[in-house]
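The next block holds one structure in the form of structure tokens; read it before the comments.
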Amino acid sequence: MNGFWQSSTGNSLTGKAEDAFASQFKIIPDGTQASACIKSVEFVPATNYGSEQMQIKWKLVTGDYKGFEVRQKINIFDLKPEKADRAKNMLVLICKLLNFELDFTKDPHDINFGLLNGKILGLKIQEFCVPKEDGGFFEGNWVSEVHPASELEVLTGTKMQTPIHTSSASPLESALNRNATAGVTTDDIPF
């Protein structure tokens, strides 16, 4: 059999519906807190929409959304100095919480962040909702806080209502207005 027709796990391809269909993407409710395991840490190249960034893929290991994945984009190379500084502080915090000693004399690309795979922290997950050009919305999740897993209460948040575009307020303002008192701005969303 040609190697192309072998699955990445080495098993034969089945052609069964459960092996072919993608699972439905579900958004984790805003404010959900759960422990999560790092699946991977990688650098994502710059795009037309932003600078190169670091991305941590987390898999939830507790709570109602156990087994779900969330990606944390850490904009350590952002062109806005304040945003890059906040992102660097997030990376340093993650490393401190996991007892991973950073070598500040090395370029981040030269550090083996793969050693973080399998480590567990507590996450606070939030939703985002950004307007698309076609009038719809791009929705998803982002990691807003990290804590020692033992210090974070596991809880399920509340699903954010998709804003309705009106002439008096932009959809983005509507999606973020409930966090306005917390000082959250669009710069706080790491994408």
Side-chain angles (χ1 to χ4, degrees), residues 3 6-14 16 18-47 50-78 83-128 139-157 159 188-191:
Q6 195 82 16
S7 74
S8 60
T9 61
N11 298 324
S12 297
L13 299 176
T14 67
K16 294 179 182 175
E18 60 267 21
D19 295 329
F21 299 159
S23 59
Q24 185 176 9
F25 175 74
K26 291 187 179 180
I27 296 175
I28 300 167
D30 194 61
T32 295
Q33 297 180 170
S35 295
C37 176
I38 295 177
K39 285 189 65 179
S40 67
V41 181
E42 60 190 7
F43 289 95
V44 179
T47 65
S51 307
E52 175 185 20
Q53 55 191 225
M54 213 175 180
Q55 180 176 267
I56 300 176
K57 291 181 187 175
W58 297 92
K59 185 171 186 173
L60 302 187
V61 296
T62 61
D64 292 340
Y65 289 84
K66 181 179 179 178
F68 280 63
E69 291 183 17
V70 64
R71 290 180 169 95
Q72 181 179 18
K73 295 180 180 177
I74 305 177
N75 292 298
I76 59 176
F77 303 108
D78 199 280
K83 192 171 181 179
D85 288 347
R86 185 172 35 255
K88 290 174 191 175
N89 275 308
M90 175 61 85
L91 177 58
V92 171
L93 175 61
I94 290 168
C95 291
K96 280 184 175 183
L97 291 172
L98 295 174
N99 296 316
F100 181 80
E101 195 145 336
L102 280 172
D103 183 346
F104 293 108
T105 65
K106 289 186 176 179
D107 179 276
H109 297 93
D110 297 330
I111 298 173
N112 185 3
F113 288 105
L115 296 172
L116 295 175
N117 292 349
K119 304 287 186 180
I120 296 175
L121 283 179
L123 307 181
K124 181 172 183 181
I125 301 165
Q126 297 203 241
E127 288 182 65
F128 67 82
E139 299 178 87
N141 292 114
W142 62 288
V143 175
S144 62
E145 296 178 20
V146 295
H147 300 275
S150 62
E151 295 178 15
L152 193 71
E153 177 186 3
V154 175
L155 59 92
T156 300
K159 173 71 178 110
D188 290 319
I189 300 175
F191 54 86

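Residues Glu69 and Lys57 are not paired through a salt bridge, judged by the lack of any N-O separation under 4.0 Å between the basic side chain and the carboxylate.
Judged purely by atom type and a 3.5 angstrom limit, Asp30 uses its side chain to pair as donor or acceptor with the backbone of Glu127. A donor-acceptor pair under 3.5 Å links the side-chain atoms of Asn141 to the main chain of Ile28, judged by distance alone. Counting only distance, with no hydrogens or angles, the side chain of Asn75 and the backbone of Phe77 share no donor-acceptor pair below 3.5 Å.
Here the shortest heavy-atom pairing between Met90 and Glu145 reads CE-CA, 4.5 Å. Nearest heavy-atom pair across Ile120 and Ala149 is CG2-CB, 4.0 Å. Looking at every heavy atom in both residues, Ala36 comes nearest to Leu60 through CB-CD2, 3.7 Å.
Side-chain contact between Leu91 and Met54 is present, with heavy atoms from C-beta onward closer than 4.5 Å.
Under the side chain to side chain donor-acceptor pair (under 3.5 Å) criterion, Ser144 pairs with Gln126, sequence neighbours left out. With sequence neighbours excluded, the residues forming a side chain to side chain donor-acceptor pair (under 3.5 Å) with Thr156 are Asp64, listed by chain and number. Residues satisfying the side chain to side chain contact (heavy atoms under 4.5 Å, CB included) criterion with Asp103, sequence neighbours excluded, are Thr105, Lys106. Qualifying side chain to side chain donor-acceptor pair (under 3.5 Å) partners for Ser150, counting only residues two or more places apart in sequence or in other chains: none. By the salt bridge (charged side-chain N to carboxylate O under 4.0 Å, His left out) test, Lys59 is found to be paired with no residue, residues two or more places apart in sequence or in another chain being considered. With sequence neighbours left out, the side chain to side chain donor-acceptor pair (under 3.5 Å) criterion links Thr47 to no other residue.
For His109 and Glu52, the side-chain atoms include at least one donor-acceptor pair closer than 3.5 Å.
Counting non-hydrogen atoms of neighbouring residues, nucleotides and ligands closer than 6.0 angstrom, the NZ atom of Lys159 exceeds 12 such neighbours.
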